[in-house]
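One structure is given below, encoded as structure tokens.
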Amino acid sequence: MTYRNILEKIRLAFPQPVSDSIHDSYFVHSMMRALDQVDALKTHLPFLGSIIHGDFDKAKQTVLPGTIATVEEVTKELVSYLEGMTIFGHPRTQQNVVCPTTIPSLIGVLLAALHNPNICWDENSRLVALAEVEVTAMTSQLIGYDPKRSSGVFTFGGTGTTLYGVKIGLEKACPGTMHKGTPEEAVVFVSDTSHYCAANITGWLGIGTDNLIAIPTTTENEIDLVQLEEEMRKALTNGKKIACIVATMGTTDAFGLDNLMCIVALRETLVDEFELDYQPHIHADAVIGWAWAVFNDYDIEQNSLDFRPRTIRAIAGACRRIRHLNLADSVGIDFHKTGFAPYISSLVLVKDQTDLDLLKRTPEQMPYLYHFGQYRPGMFTLETSRAGTGPLAALANLKLFGIEGLRVILGHIIEMTQLLREHLEGHEGTTVLNRGNFGTVTLFRVYPVGVDTFEIKSQEFEDVKYRDSLIAHNAYNREIFQYVNSEAMEGRGVFISTTDCYRKTTYGEPIVALKSYILSPFIDEEDVKTVVAKVLEAREAIGESQTTNSNGGGGN
Ligand SMILES: *Cc1c(COP(=O)(O)O)cnc(C)c1O
């Protein structure tokens, strides 16, 4: 076969550059076939097809095929990779902070992928670059930044948003690090329930994880302000430079919210007292919590959307912290966490756009780009190529939901979470651990029959005499988890997850917890009740087999 024959076939595998209605419908049809095949994997269970464990050794031996394949053949193969995937929108999925994605956000991703804009520069992305600016404006306003002064860029994940915050702060505290490298005296503060990305970032930036100071948290999973102040004073007294204070606004495991207002006030005090010639940068890691800002001006008393009293209380409890997001110098937002957009859709906002100038390269460093055009974020972004998929997906959802829609979808999952907690608290064998956190994640523990759950929680958390009991109950909760999830696998019940360390006891032992993360708008009251019923059933089932060998459960 001459290359021309093969080329003809290859051309058919591309969307046509000039409209060709027959081929256009072939393209649409190819998509539909793929979606049909995925749909065929759906059952009543909360995952596609059946769960197959991948053969990673075999995968390492994969070789590049010698000849071309058809669109149909490739599609069929691609679909097979979705086998076993969790359906995150399924009412029986309450596993983690992974959201189901909306149709408009999927179309946003498709459109951006189809015409491949590169938003490093408007010259390469035309109006798609506008989407980034519009989303920045909308979310700035939402969290209380002045959109005329603020700016923002999409980046490679929530991790990337915090990276921007820390890098900007580093440059403020130690000017010239872009050229001279990172000095040894830079330190970064976070709470000990913050996301581990802070360790990545200090590691990769050359600040060093030894200079990442993790401050203990209160039982509400909020940074302990007294200890933060002490540590900041100590650092400044020892001649350290504070590159950044990362306030976590919605911790991953428990939805703890740091007290941003007090952190900002503390910064002001210390700047005066130590006569600092820079302002230590405050970055709010709000990748999860940002969405709660839609309730900042919801009239709680009037409650026009008719949420239950417990829901209203949870909203008010979160907003008392989220309301102050505008005090942070920069904020990280993940539309792929609580914005119902596909990965990756992460936006870092800076309150003052001149902060981004600190990251700018000189035009001489980039001779082939940015000679003209109005929008050139590529002059300071870490990435060179940046996809239009994130901004278009985010824009799609902001336009789809509007403030009211976001209030409804968030309000509903908050309502379901509160209902779950109500039911969990209605039984003597179960206890909610993060009662003071108002997100849609619930951490709870189950105790065997005969254990006084009113006493045990504080005893195990505070009294080292209960170490053995805590460890035994850690194992017990892992067993409960195994039981509940193997039932869910058979179509009986709900998938939940577990965490190996919800937090540490006062004597340093990790506390294992069961975890329900509610993010699907399809979850309803019965699904929540099922979680509780299944957990209690597991307690019965395990209790009988355990009574003889769990003497470790005794406290003293
Ligand atoms: C998920 C998460 C991150 C990391 O975000 P990615 O988008 O996964 O990179 C950072 N901080 C918090 C609080 C998170 O929950």
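Atoms within a ligand are numbered from 1 in the order they appear, just like the ligands themselves.
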Open item on the list: Under 3.5 Å, is there a donor on one side chain and an acceptor on the other for Asn221 and Arg503?
Closed with: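 Yes, because at least one side-chain N or O of Asn221 sits under 3.5 Å from a partner of the opposite role on Arg503.
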Within the 4.0 Å heavy-atom shell around [X], which atoms of ligand 1 are there?
X	value
Asp334	5 (O), 6 (P), 7 (O)
His336	7 (O)
Gly157	7 (O), 9 (O)
Thr159	4 (C), 5 (O), 6 (P), 9 (O)
Ile288	15 (O)
Gly158	5 (O), 6 (P), 7 (O), 9 (O)

Open item on the list: Taking only non-hydrogen atoms of Gly250, do any sit less than 4.0 angstrom from ligand 1?
Closed with: yes
Open item on the list: So, 4.0 Å and heavy atoms of Thr251: is ligand 1 close enough to count as a contact?
Closed with: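 Contact absent.
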Given 3.5 Å as the limit, does a donor-acceptor pair link the side chain of [X] with the main chain of [Y], or not?
X	Y	answer
Thr498	Ala513	yes
Thr202	Ala199	yes
Asp329	Ile282	yes
Ser497	Gln95	yes

Open item on the list: Pairs of nitrogen or oxygen atoms closer than 3.5 Å, one from Asp285 and one from ligand 1: do any exist?
Closed with: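 Min N/O separation from ligand 1 is below 3.5 Å for Asp285.
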Open item on the list: Using 30° and 60° as the class boundaries, would you call the ring planes of His283 and His281 parallel, tilted or perpendicular?
Closed with: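 Taking His281 first and then His283, their aromatic rings lie parallel (interplane angle under 30°).
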For [atom], the protein heavy atom that lies nearest, with its residue and separation:
atom	value
atom 1 (C) of ligand 1	Lys337 NZ, 1.5 Å
atom 15 (O) of ligand 1	Thr252 OG1, 2.9 Å
atom 4 (C) of ligand 1	His195 CE1, 3.6 Å

Task: Residue that, paired with His473, satisfies side-chain hydrogen bond (donor to acceptor under 3.5 Å, both in side chains) out of Arg445, Glu460, Arg478 - done: Glu460
Task: Option whose closest heavy atom lies nearest to atom 12 (C) of ligand 1, chosen from Val287, Thr248, Val97 - done: Val287
TODO: Show your reasoning for whether ring-ring contact (aromatic ring centres under 6.0 Å, His included) applies to Trp290 and Phe335.
DONE: CA-CA 9 Å; Trp290 67 275; Phe335 294 98; 5.0 Å; yes
Open item on the list: Just so I know, are the side chains of Ile213 and Val190 near enough to count as touching, which here means a heavy-atom distance under 4.5 Å?
Closed with: no
